[in-house]
Number of protein chains: 2
Amino acid sequence: MGKSGGMWMSFFRGRYLHSLDAKGRVAIPQRFREALGGGEEALRLVMTVDPEGCLVVYPEAVWRDLERKWESLPQMNDELKTYLRFMVGWASDGALDRQGRILVPPPLRDYAGLEHEVWFVGVLQNFEIWNGERLEKATGRDRVQSVTQKLSGLF
Amino acid sequence: MGKSGGMWMSFFRGRYLHSLDAKGRVAIPQRFREALGGGEEALRLVMTVDPEGCLVVYPEAVWRDLERKWESLPQMNDELKTYLRFMVGWASDGALDRQGRILVPPPLRDYAGLEHEVWFVGVLQNFEIWNGERLEKATGRDRVQSVTQKLSGLF
DNA sequence: TGATTCGTGGGGAAAAGTGGGGGAATGTGG
DNA sequence: CCACATTCCCCCACTTTTCCCCACGAATCA
């Protein structure tokens with residue numbers, strides 16, 4: 001609310017530092033909650049891992065599209081099986097509690113090296129949850145500058 | 001609003017020294033406000049970071065075009081993911097308050113090393129917010145002269 | 001010199017994030 | 001099938017941040 005009716009926030013943007021409490025819960029940033037589901041219904045999402053060492057969170061609808069795509073692929077080769085074992089095998093679906101928090105299952109917490117402080121990072125269609133040091137390595141200036149070079153043909 | 005004489009300034013130009021107050025707010029230079037969004041509606045903008053160490057501010061419309069472009073690219077690309085994590089991951093969207101100010105979120109403040117005094121610099125389609133010393137390093141004469149050499153073929 | 005605009009500062013209500021107590025649900029071992 | 005421990009999720013209370021309002025002072029313009 002407040003933020004005016006402008007309904008253009010359909011993407012996840014920005015970074016937020018939140019804290020994981022002793023019970024393994026974190027509050028989803030309010031801005032992300034808005035992007036998650038709009039309406040009144042309970043916001044459902046799917047959380048899984050990323051090879052870079054963070055967690056990735058998708059709105060349920062977006063995740064379903066991914067699943068449909070995977071399922072409809074022509075042939076199931078070893079690479080695809082490995083990939084699915086990873087993405088789907090780590091996936092955990094859930095809903096926000098009434099305070100807008102999610103519970104991060106212990107295996108995922110371990111995978112991403114999450115302690116007390118965690119960073120939320122929006123990347124358009126989904127968002128990520130990072131351990132601070134890992135995030136810094138992944139988005140350091142040097143890394144970004146070299147990446148920008150390679151991408152410069154694209155835009 | 002004031003000097004609505006007639007034509008709009010459609011580009012951002014010039015540099016202005018303003019101050020960030022204790023709550024992290026800065027007034028956008030009046031000239032920039034005019035360029036931002038014409039009409040009477042609340043002026044919306046998106047602020048993110050630049051690898052050179054400053055903040056970049058785009059009018060909402062310009063930013064949306066960027067997002068549309070990014071979104072249409074193949075998403076499995078690691079370089080693109082890194083790039084988005086940087087550009088989108090730092091992005092903060094907001095509107096000016098009634099005094100024409102924006103709130104600079106703490107993470108962005110830290111990234112750009114902004115203390116009390118900050119410089120606004122117009123660069124056509126968008127403008128930047130700098131820490132004074134960094135700006136001086138980035139636009140020192142020696143630096144600019146060498147750059148100008150390399151560019152001389154372009155115009 | 002009075003009126004208007006622009007930048008700056010601060011008070012205060014509302015919202016967002018954080019932490020903890022306790023009941024329901026789940027699962028495990030007798 | 002029944003204790004028992006564990007996990008999960010609700011509610012409430014507290015702190016911090018955000019945002020809306022009003023007000024002052026410097027600069028500008030007639």
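Just so you know, these numbers come straight off a predicted model, no measurement behind them. We name chains A, B, ... by the order of the sequence lines, and we start the count at 1 in each one.
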Item checked: Criterion side-chain contact (heavy atoms from CB on, under 4.5 Å) against Tyr58(A), the qualifying member of Leu66(A), Leu36(A), Leu45(A), Asp65(A) -> Leu66(A)
Check: What about Trp90(B) and Trp119(A), are their ring centers closer than 6.0 Å?
Finding: no
Item checked: Flag side-chain contact, heavy atom, 4.5 Å: Trp130(B) against Thr139(B) -> no
Checklist line | Whole-Å distance separating the CG atom of Leu43(B) from the P atom of dC6(C) | finding: 13 Å
Check: Got a sec? Which of residues 93-108 of chain A come in under 4.0 Å of DNA chain D, heavy atoms?
Finding: Asp97(A), Arg98(A), Gln99(A), Arg101(A), Leu103(A)
Notebook entry, point to check: According to a strict under-4.0 Å criterion, is Ser19(A) in side-chain N/O contact with OP1 or OP2 of dG17(C)?
Noted result: no
Note to self: In whole Å, I'd like the distance from the CG atom of Leu17(A) to the C1' atom of dT17(D).
What the structure shows: 13 Å
Notebook entry, point to check: What is the minimum heavy-atom distance between Phe32(B) and Phe12(B), and which atoms define it?
Noted result: O-CE2, 3.4 Å
Next item on the list: State which of dC19(D), dG22(C), dG17(C) makes the closest approach to the side chain of Lys23(A).
Entry: dG22(C)
Note to self: Does Arg25(A) contact dG17(C) through a side-chain donor or acceptor facing the base, at a distance under 3.5 Å?
What the structure shows: no
Next item on the list: May I have the distance from His18(A) (atom NE2) to dT17(D) (atom P), rounded to whole angstrom?
Entry: 11 Å
Note to self: Between P on dT4(C) and CD on Gln30(B), what's the gap in Å once rounded to a whole number?
What the structure shows: 17 Å
Note to self: For Asp21(A), run the side chain to side chain donor-acceptor pair (under 3.5 Å) check against Arg25(A), His18(A), Lys23(A) and tell me which one passes.
What the structure shows: Arg25(A)
Item checked: Whole angstrom value for the distance that separates C1' of dG17(C) from CZ of Arg31(A) -> 15 Å
Checklist line | Polar side-chain atom of Tyr83(B) near backbone of Val88(B) as donor-acceptor pair, under 3.5 Å | finding: no
Next item on the list: Using whole Å, report how far CD of Glu117(B) lies from C1' of dT8(C).
Entry: 13 Å
